[in-house]
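Notes to accompany the following structure.
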Amino acid sequence: MDVLEVAARATATGPVCDACLGRPVADRSFGLSNAERGSALRVSLALREDDDHEPVATADCWVCEGRCDEFDAWAERAAEAVEGTEFSTYNVGTRPPPLIEENEALLREEAGLEADAGEPFKSEFNREVGKRFGRLTGAEVSFDRPDVQFTIDLAEDAIDAKVNSAFVYGRYRKLERDVPQTEWPCRECKGSGRQGADPCDHCGGSGYLYDDSVEEYTAPIVEDVMDGTEATFHGAGREDVDALMLGTGRPFVIEVAEPRRRRVDTDRLEADINAFADGAVEVEGLRLATYDMVERVKEHDASKRYRAEVTFGADVDADDLAAAVDELEGATVEQYTPNRVDHRRASLTRERDVYETTAEFEDSRHATVEIHGAGGLYIKELISGDEGRTEPSLAGLLGVDAEVTALDVVAVEGEAEPFEDEAFFRE
């Protein structure tokens, strides 16, 4: 159908503003706003019919009921809603009143158009408010998890501003034993610190099994610097509470909810965390990251390198130790859920590969063993055999009891590629 005929039928329904007149043909003449399309159609129709040109005030429009005059006002309300909050990207969504959606459908029907012709009212409202908000704030529109998101509810005359989380990536080293990665609530009192009216005997009333954690040394500092409401620690796996995390450190992401600051100096943040941790924990390589880095840290396939101090239950010969270690190298190990984690892990048999093994013989009862293996390989059980739950094991190959008395993780690295991919970082 000719666009002038569309315009003639549309304007015959009653007063229709320029934006609502142009919206049903929004797929014509790229580069024009709907208001410009509608104005051009109105002028062209007047010329064709040799009629007087009679503009329609937006306030009189029966389709949008004057809403197309409110773009500037809503943009200003959005800017006020996030005043004092740092952001560089945004998005706008709109909930139109049902009556306006009904009016739109009726206009297209009267104009002889398909129900989905042109552009919906809410799409134009999103775009026009968004353009004005961008000019007011200097931010850029984004459809992929922007820093701030607005939902305009026209029927309720309300705007909801959601400030999305910010993310900081880095690696940590844990330099003291008996420090868990995250807070460890007491199982007996479920973190309350109480057993009835009395303090919990198990945790001494603290509600936690350990006084400190990597999370407590890091997340509160990041939350404070970014002026957020909450911080969550995400690690690339975790070491045992009694193990050190050395060498290259373990990747982690701290997620800060509703931050008012995003453009932080990560070098200074790194120094602040290290000063606060006072040698118990060190962080390095802090960088601002994207939302997707959380999934990468938690799901990325990684291998680990360990150093274990081992004590044997009987005398071991140096050559026998070397032979057993050689046999473990390259082995595929079957591990049934270890006794020590059986209360919190599903009972099943896992297969994990051992990539490299070396051993330093100290005396007939002691050795230091280094192991490079796939993620999820239980090292203590690889050494001890865990009462036959792990096959093969160092203890099984030697035919003597073997116990890890000290365990250090010395590297956590991506299997196929590094964790540190530039696509997951922000400037």
Side-chain angles (χ1 to χ4, degrees), residues 168-193 199-225 230-256 269-286 294 297-298 302 304-311 338-341 343-345 368 370-371 375-381 383 403-413 419:
V168 175
Y169 170 87
R171 285 175 174 263
Y172 75 82
R173 285 185 290 273
K174 192 179 75 177
L175 308 177
E176 293 183 1
R177 302 192 191 278
D178 296 323
V179 175
Q181 184 187 85
T182 55
E183 293 181 345
W184 198 323
C186 174
R187 292 191 299 271
E188 298 299 320
C189 66
K190 297 181 172 53
S192 70
C200 174
D201 291 335
H202 195 64
C203 65
S206 70
Y208 296 93
L209 293 182
Y210 297 91
D211 294 334
D212 303 307
S213 66
V214 177
E215 177 181 23
E216 291 174 272
Y217 282 126
T218 57
I221 306 298
V222 180
E223 178 187 338
D224 182 61
V225 169
E230 186 180 9
T232 304
F233 187 98
H234 305 280
R238 63 176 67 221
E239 66 283 341
D240 291 339
V241 66
D242 60 349
L244 299 182
M245 180 66 242
L246 305 174
T248 60
R250 186 181 296 275
F252 70 93
V253 172
I254 292 174
E255 175 181 356
V256 178
L269 178 60
E270 187 174 304
D272 288 346
I273 291 173
N274 289 338
F276 177 68
D278 194 25
V281 170
E282 290 178 350
V283 299
E284 66 178 12
L286 295 193
V294 173
V297 161
K298 296 176 77 68
K304 282 73 171 222
R305 291 182 180 272
Y306 300 85
R307 182 171 58 242
E309 295 179 13
V310 180
T311 297
N339 280 307
R340 65 189 172 91
V341 298
H343 63 283
R344 66 176 189 271
R345 295 286 174 88
T368 299
E370 295 197 3
I371 298 167
L377 178 66
Y378 291 107
I379 299 302
K380 291 177 179 177
E381 287 68 27
I383 300 297
E403 179 187 4
V404 174
T405 56
L407 181 66
D408 302 335
V409 187
V410 294
V412 178
E413 302 296 346
F419 282 87

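Because the structure is predicted, anything quoted here is derived from the model rather than measured.
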Considering all heavy atoms, the nearest [X]-[Y] contact:
| X | Y | value |
| --- | --- | --- |
| Thr248 | Ala411 | OG1-CA, 3.4 Å |
| Pro180 | Val241 | N-CG2, 3.5 Å |
| Ala231 | Ile254 | CB-CG2, 4.1 Å |
| Phe233 | Phe252 | CZ-CB, 3.6 Å |
| Ile273 | Thr218 | CG2-CG2, 3.7 Å |

**Prompt:** Hey, is CD on Glu230 packed in by over 12 heavy atoms from elsewhere, all under 6.0 Å?
**Reply:** no
How far does [atom1] of [X] sit from [atom2] of [Y], to the nearest 0.5 angstrom?
| X | Y | atom1 | atom2 | answer |
| --- | --- | --- | --- | --- |
| Leu377 | Ile371 | CG | CD1 | 7.0 Å |
| Leu175 | Asp408 | CG | CG | 10.0 Å |
| Asp212 | Glu183 | CG | CD | 10.5 Å |
| Lys174 | Leu246 | NZ | CG | 9.5 Å |

Taking [X] for the side chain and [Y] for the main chain, is one N or O donor matched with an acceptor at less than 3.5 Å?
| X | Y | value |
| --- | --- | --- |
| Glu282 | Ala277 | no |
| Glu176 | Val281 | no |
| Asn274 | Val283 | yes |

**Item:** Qualifying residue for salt bridge (Lys or Arg N to Asp or Glu O under 4.0 Å) with Glu239, from Arg177, Arg173, Arg250
**Value:**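 When salt bridge (Lys or Arg N to Asp or Glu O under 4.0 Å) is applied between Glu239 and each of Arg177, Arg173, Arg250, only Arg250 qualifies.
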**Request:** Report yes or no: do Arg238 and Thr182 form a side-chain donor-acceptor pair below 3.5 Å?
**Result:**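 Their side chains do contain a donor-acceptor pair, which is all the 3.5 Å distance test asks for.
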If the condition is side-chain contact (heavy atoms from CB on, under 4.5 Å), which residues does [X] pass it with, not counting sequence neighbours?
| X | answer |
| --- | --- |
| Thr368 | Arg307, Glu309, Glu360, Glu362 |
| Leu407 | Asp240, Ala243, Tyr306, Ala308, Ile379, Lys380, Val404 |
| Ala271 | none |

**Message:** In the structure I gave you, are the side-chain heavy atoms of Glu215 and Gln181 within less than 4.5 Å of one another anywhere?
**Reply:**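 The answer is no, as the side chains (C-beta and beyond) never meet within the 4.5 Å cut-off.
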**Prompt:** Would you call the rings of Tyr217 and Phe276 parallel, tilted or perpendicular if under 30° counts as parallel and over 60° as perpendicular?
**Reply:** perpendicular
**Message:** If the threshold is 4.0 Å, N to carboxylate O, is there a salt bridge linking Arg340 and Glu381?
**Reply:** yes
